[in-house]
Structure formats: C-alpha cells, structure tokens
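Data first, discussion second: the structure below is written as structure tokens.
Residue numbers begin at 1 in each chain, while the letters A, B, ... track the order of the sequences. Just the heavy atoms: all of them, side chains too, but no hydrogens, waters or symmetry mates, feed the values below.
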There are 2 protein chains.
Amino acid sequence: MDTSPTRSLPRALRQVPGRPSPTLEDLALAAGVSRSTASRAINGGDRVSPEAQAAVDRAVLALGYIPNRAARSLVTRRTSSIALVIPEPDVRVMMDPFFAVVITGITEALRETDVQLVLLMSRTNDDSARTLRYLRGGHVDGAIVVSHHESDSWARSLAETGLPTIFIGRPWDMQADVTYVDTDNEGGGRLAARHLAGIGRRHLATVAGPADMTAAVDRLRGWTSGLAAAGLPAGPVVHADFTTEGAAAAARRLLAEHPDIDGIFAASDLMALGVMEAIQAAGKTVPGDIALMGYDNHAVAETASTPLTTITQPMVEMAVKAGTMLLEEIEAPGSHPEPVIYSTELVERASTSVAPTASAANA
Amino acid sequence: MDTSPTRSLPRALRQVPGRPSPTLEDLALAAGVSRSTASRAINGGDRVSPEAQAAVDRAVLALGYIPNRAARSLVTRRTSSIALVIPEPDVRVMMDPFFAVVITGITEALRETDVQLVLLMSRTNDDSARTLRYLRGGHVDGAIVVSHHESDSWARSLAETGLPTIFIGRPWDMQADVTYVDTDNEGGGRLAARHLAGIGRRHLATVAGPADMTAAVDRLRGWTSGLAAAGLPAGPVVHADFTTEGAAAAARRLLAEHPDIDGIFAASDLMALGVMEAIQAAGKTVPGDIALMGYDNHAVAETASTPLTTITQPMVEMAVKAGTMLLEEIEAPGSHPEPVIYSTELVERASTSVAPTASAANA
DNA sequence: AGTCCCGGTGGGAGCGCTCTCACTCTGTGC
DNA sequence: GCACAGAGTGAGAGCGCTCCCACCGGGACT
C-alpha cells in the first residue's frame, strides 16, 4: 500500500502524505467533463446527461472522491451539522438515561442525511457564552436544546439570532415563541391521580419535582386537576429535586406529618425509589399500606423490589421528532411549526396492585 | 414580535436577513489595518504591534466579529473538531453510564480549546462505511473510538488513514499499533481473586464477559493469575454477555454444576446483580453462603439490596486523558504516545463481608 | 558609509467548492 | 426558412480566510 520510501515522514504539512485527496477538478478531469458538470452530477444530477452522470459516478469510485466540506460550506453557507445543546451537564445529569435516548433519537433522525451532530455542553456561565457565540457564528445550521430550568436565557438568545432551534421540553419563557416538542406532563399527572383514585385510595399526596422546571410544574398541575376531577381533596404536596435521596427526605417529612396517607405519586421513578425507602423505613408497606406511583418508566421502575406503577412517555419518538422538525425548519426557514406534544400512558405494576403486598419479582 | 426594550445583548444584528456577518475585510477596515494584520492579530498576535493589536481587538468587539470557520478550515486544513465514534449504539448500549462518563470526560478535555465534539454513531455496517468515509474525508482533525469487540476493523482502517486516533479500551488488533487508554483490567481481575481468597473463600468461580471483548478477556486473565498466586485452583469459568439476565442464566448453570462454590467474581456489576438473583433463587445467601464481587463500581453496586464489593476505575480521568492525548497528537502528529493504563482499586462492601449476611442498608 | 537583520506590514495568490451566465446544440413552432 | 425554447455544458467569479513574499524602516553590525 504505502510505497513511499519514507513512511515516517509526517511532514508538518498535513497535505503532503502521498495522496492529497482528489479535488473536484481532478474528478472532472478523470470523468472527462468540466468542474461545473461534475459538481452538478455530485449534487443530485440536475441538468446532467446520463452519460456525464455515469462518467462522474465512475470517477468518484475510482478516485475515492470525497467533497471538501469546508469549501462547500464556504459558498453555500450551510454546514451540514446541527448542535445538541446540553446546559450544565454534570456527570450526574448526563447519566440520566434521558440523554442517551435523546442522542439516539436525534441520531436516528439524521441517519439518512449527511448532517452531523455536534455536542455542545456548557457547564459554566462562561461556557454558555462561548456556546452561544458558537451558535451565532453560523457554525451549525440549527440547534436542539434540551430544556430545563436553566434554559430560559437560551430560548431568548437563540430566538433572537434566528437560528433554527427546537427545544426538547417546553421552555419557561414562552414569549420567545420557540418551537418545542414535549410529552403531555399534565396529562400524565392526571393519569396518576385517576389511577390512584381508581384503586380506592383516598388520602393522596405527591412528591413533586422542582418548581422551576416546566415538566415538574406540569405534572403537578395535572395531578391536582386529576384529584379534583375524582372528587378528592388536593392533598399534601412536597417538592424534591428529582433525586432519590431528595425524595426520601421529602417523603419522610410527608409521612410524619400525614400518617393517614394511603397513596403517593412521585413525579419520577428515581424519586419513587426514595419514597419507597422512606415508606419502608416508617414500617409501612407498598402497596399494602401505601400505593406508590412513579413517572418516566425508567428502567429502575421495573427492577425495583416492588415494581413501580409509572407513566410512560415516547421519548425516543419525541427525540426523533425534534430532529426531523429541525431538519424541516432548516430546509424551509420561517415555517414556525406548532409544538408537538406526545401523550403518556399508564404502566401498571405491583406498587399499586389492590391485593396486599407480596414481595414480587422472582423468575 | 415584541417591542420590549429588552436589556438583552448588544442588539444582535447578526443573522438578521439582510445583515451579512462582518468579514475579516470589514474588520481590517474598521481597525484601520490590512487584512493580513487583522488576521495575525486574531490568531495569537504574533508580529503585531501593540497598537495594531489593540485596534483590532476593539474592532472585534464593535463589530461582533466571528471568524468564518469554513473559510479558515479551507486553507488550514484543520477543522477544529474531533469525532467520538461509537460503534453500534443501540439505546441499551448508550444507556450505559460509561458513555455519559466518556462524553463528559472528553468535553472536559476540550473545554479550553475551541475544538468541538462531533458524535458519530454507526448502527449498521452501512453506517460504518459512511462513518469511515466521513473520518477519511478530513472532516475532523482526529477521532476517539470507544473500543469493543466490533472495533477491530476500525483500528485498522483508521490507522491506515493516518488520522490521529485514540482508542478508549484496548482494541483487539494490536498490529495496527494504535494509541489507546484503558484501565488495568487484568490488575482488577487479580484484585478480585486476591480479595476473595483473602477473606477465606476457597471454591471460587467467575462469570466472565464475552470472550471477544478485550476488557472481559483481561479481567479473566487477571482473575486466573490471581487465583494461581493465591495457591487456589483455577475454578469454573462461565461466560455471559455483560447483562443482568445473561449473567443470571449463566450463574444458575454454575451453581447447579458446582454446589460447593463459596465465592463468585462477576466481571461487571450489572452481571453481579444477575448472579445475586440466581444465588438467592437457589436458596443461598450473599455473603453468608457465597461472597460476591462485581466490577465497574457502577451506581447499582452501591444501591443493590446487598451492596456489592467491586472494582473501581478512574473512568473520567481516562476519558479526559483520551481527549488531551488526541489534542496533543493533532498538534504534533507522528508522536506515537504510549498507551496509558489506569490502575484499579477494590471497593469493599457488604457482599463480601466476612460476617454473616445481614441485609444492610438502612439510614 | 554600507550591509544585514528583523519586527512590522500589506498585497496577492490561492484553498475547493457552488453558482451565475453565456454559450452550443438540438428540437419545435410559426 | 427563422426565431425561440430549453436541455446540457463550461468558463469565471467569488465565498472568507491564511500564508507567502516583497517591502519598509531603523538599529547593529562590518
């Protein structure tokens, strides 16, 4: 393969190594057409004769031609790449399967295109500024922002730049009329209330998420309206930070102050785990004494010592949708698509079974 | 839109339809210098008088100048981006916290640079070909490949292209003399053997990982040599696929065929969970009847019903190292750095405590 | 004095691509 | 017969940047 006498000569100049990759000019020459025709043939072959097209195709194969993206980008003003913006990703946040799903989904949406995914994570405010500069700088054709409490400023700033942007999860600041995809958190909360009421529980409480996250707020709103619809009182509400530990602490308080509770809705499965811990520590059982529900249909919901009834949401679809929507908006700027909301479903498991607790899970 | 006299950023007149972003030419004009001088001032200011530098700096701020990456890239042959290659990422694989750690680590290494991370995931063979083409195409300055059984071909192909590449996890094909970072899996396996022998267990077995993954093979080799060093017989070895279910099945076989086993080393925490299931299903206890070890120090190791003794490895550091090594190699091509191996440590928990089992974990 | 060097500078030549435009060469309509 | 459309083509002009090189001065040598 490498016939050059000095294989250990990685000359400072990168282009030196033997074969400088063929340019469009080379390709045209090899195909016996002009650069213009070669270019047309490569880009979808509009107004190209079959013969010319075939000649170019052959030459591409023969030369192993790969278009230079930078050169193309320079004139088209397109980069064929989009950014996934993840604000403040400490490792713990990144661990959340949510991101794996989002990344997988977006990648899926990008599969048939040659658009690349650039990961932009900003840990500090400083980073945020850099990230924003990067986005404004025209380095990507669009962006998907994983929304959460900190992302408000993003919504505004990005909307101002005119860069096509899709948010995953409804952002706080709706002024900026951003496009987003989300799941029906409110509906999910309502489902939870209806279910617990439906199995005859009457003293219901919830461990809600942080009040500055739309998902948490929406779930709580749904829960509250669901209780009302079932003719039940609003019941106690405590907030936690979506972590197991935080929820455990919150649940301990809850149980101490309201010993008659017979049903709890935790706004995430991870939190439900903490709640379960607290319940058991208080000497009570799930679902015997207290029926418990989670949210997310996280893997742990199924493998928990008492498998959790939970709310499932089509996260992959949502992520894919975000990707395709962004591609569409890039293709046809100015079209301001409506937000897409995915509906949620109840997944029933042992933690709300009517029968007395029975320490399930043996295969 | 909204007429609010927002206190937002200095009137972003950037991407507004008619307003083309300022070019270097504009900048030079505004600064009262030549394009060349402006360019020099922007790129580290070598051979630029303080006055000129200051003038350019001022102009940058005033105009909100952002260099056009494509143009720069076209001439420098550098893209200021690197790829993270993840072969065959079904969602399940992506869920592995490992990737979160890798991504976070690399991002960390890239923080102070303006290098961007491009995510390349190839699900199918078809994708692999495209990914490879992308990498060869000079679209990135280097690549980090998350190694595992499928990555052999990658090692070869990439080494051939001369693209600076770092593998995370020792690749199979060492011919290609690739650079990699890894943890000392062999040492970890040895640690496990020594520990179980040390607490007096004599009938030891292991549930190893797939025989086509270097990490699994190395851990097994270490385990075997550790047993020998402790003067113990090799003991039974079964292979599983690093999943909980697979390990449970393997462990059932193991226990059925070797009822006298009193210690098991599972080559991952997830597998250890499956093994624990099988042990309990067989009516035995951990660690009372059988001491159990995992590997990875995965979050589940700590939260398991009986917390797992396991092997911990500095994964974040490893990922950061991969990033910095790649940057170095990009900077100074041809330097073929030695592989870096991170040592592992034992984390002792209840699953190997000498005292009889006591269903731990209440705060 | 002359020569050299060297920090500082600006002009110009591209990097590899797309795109406009002018051109040729059919085929069609009058 | 001529004009005209329209498909197919190629030359040329950049896109915004870096880098080479020629240039200009003034201080340090010969």
Side-chain angles (χ1 to χ4, degrees), chain A residues 11-16 19-57 59-60 63-81 114 136-139 141, chain B residues 14-15 19-57 59-60 63-81 114 136-139 141:
Chain A
R11 241 27 211 130
L13 268 277
R14 304 174 61 67
Q15 64 228 62
V16 171
R19 264 171 302 289
S21 47
T23 75
L24 187 59
E25 195 82 48
D26 303 333
L27 184 73
L29 193 67
V33 298
S34 74
R35 206 181 52 240
S36 310
T37 302
S39 175
R40 271 180 231 115
I42 282 181
N43 300 295
D46 206 28
R47 272 177 174 57
V48 177
S49 67
E51 302 81 51
Q53 181 72 55
V56 172
D57 287 347
V60 166
L63 269 60
Y65 173 75
I66 300 176
N68 181 316
R69 233 182 166 115
R72 174 177 288 175
S73 181
L74 182 55
V75 34
T76 60
R77 268 95 223 290
R78 286 287 206 82
T79 63
S80 287
S81 63
D114 70 336
R136 313 181 105 113
H139 299 312
D141 298 335
Chain B
R14 315 239 353 80
Q15 223 75 327
R19 194 92 54 230
S21 42
T23 74
L24 187 58
E25 195 82 51
D26 303 333
L27 184 73
L29 193 67
V33 298
S34 73
R35 207 180 52 242
S36 308
T37 302
S39 175
R40 273 180 228 114
I42 283 182
N43 300 296
D46 207 26
R47 276 179 172 54
V48 177
S49 66
E51 302 81 49
Q53 181 72 55
V56 172
D57 287 347
V60 166
L63 269 58
Y65 172 77
I66 300 176
N68 181 317
R69 237 185 167 128
R72 176 178 287 175
S73 180
L74 182 57
V75 32
T76 59
R77 264 92 223 295
R78 285 289 204 83
T79 64
S80 287
S81 63
D114 71 337
R136 315 181 102 112
H139 300 313
D141 298 335

On DNA chain D, check which nucleotide each of V33(A) and L24(B) is closest to and give me the residue with the more 5' one.
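Mapping each residue to its closest nucleotide by heavy atoms, the 5'-most match is V33(A).
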Minimum-distance nucleotide (side-chain atoms of [X] versus [options]):
{"X": "T76(A)", "options": "dG10(C), dT18(C), dG12(C)", "value": "dT18(C)"}
{"X": "V48(A)", "options": "dT9(D), dG10(C), dG10(D)", "value": "dT9(D)"}
{"X": "V75(A)", "options": "dT18(D), dC19(C), dT9(C)", "value": "dC19(C)"}
{"X": "Y65(A)", "options": "dT18(D), dC17(C), dA7(D)", "value": "dC17(C)"}
{"X": "R77(A)", "options": "dT9(C), dG12(C), dC15(D)", "value": "dC15(D)"}
{"X": "L74(B)", "options": "dG10(D), dC20(D), dG16(C)", "value": "dG16(C)"}
{"X": "A71(B)", "options": "dC17(D), dG8(C), dT18(D)", "value": "dC17(D)"}
{"X": "T23(B)", "options": "dT18(D), dG16(D), dG7(C)", "value": "dG16(D)"}

Checklist entry - How close or far is atom P of dC21(D) from atom CZ of R40(B), stated in whole angstroms? => result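 Atom-to-atom, R40(B) to dC21(D), this comes out as 14 Å.
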Taking for each residue the nucleotide of DNA chain C with the nearest heavy atom, is it E25(A) or P50(B) whose nucleotide lies nearer the 5' end?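 Taking each residue's closest nucleotide, the earlier one in sequence belongs to P50(B).
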Quick one: are [X] and [Y] in side-chain contact, heavy atoms under 4.5 Å?
{"X": "S39(A)", "Y": "L24(A)", "answer": "yes"}
{"X": "D114(A)", "Y": "R69(A)", "answer": "yes"}
{"X": "T23(B)", "Y": "R35(B)", "answer": "no"}

OP1 or OP2 of [N] under 4.0 Å from side-chain N/O of [X]:
{"X": "S49(A)", "N": "dT9(D)", "value": "yes"}
{"X": "R47(B)", "N": "dG8(C)", "value": "no"}
{"X": "N68(A)", "N": "dC15(C)", "value": "no"}

Euclidean distance, S73(B) OG relative to N68(A) CG, rounded to 0.5 Å: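 One finds 7.0 Å between CG of N68(A) and OG of S73(B).
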Would you give the length of the straight line joining atom CG of N43(B) to atom CZ of R72(B), rounded to the nearest 0.5 angstrom?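 It comes to 5.0 Å.
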For [X], answer base if it contacts any base atom (sugar-phosphate contacts may also be present), sugar-phosphate if it contacts only those atoms, and nothing otherwise; contact means non-hydrogen atoms under 4.0 Å.
{"X": "A70(B)", "result": "nothing"}
{"X": "S36(B)", "result": "base"}
{"X": "R69(A)", "result": "nothing"}

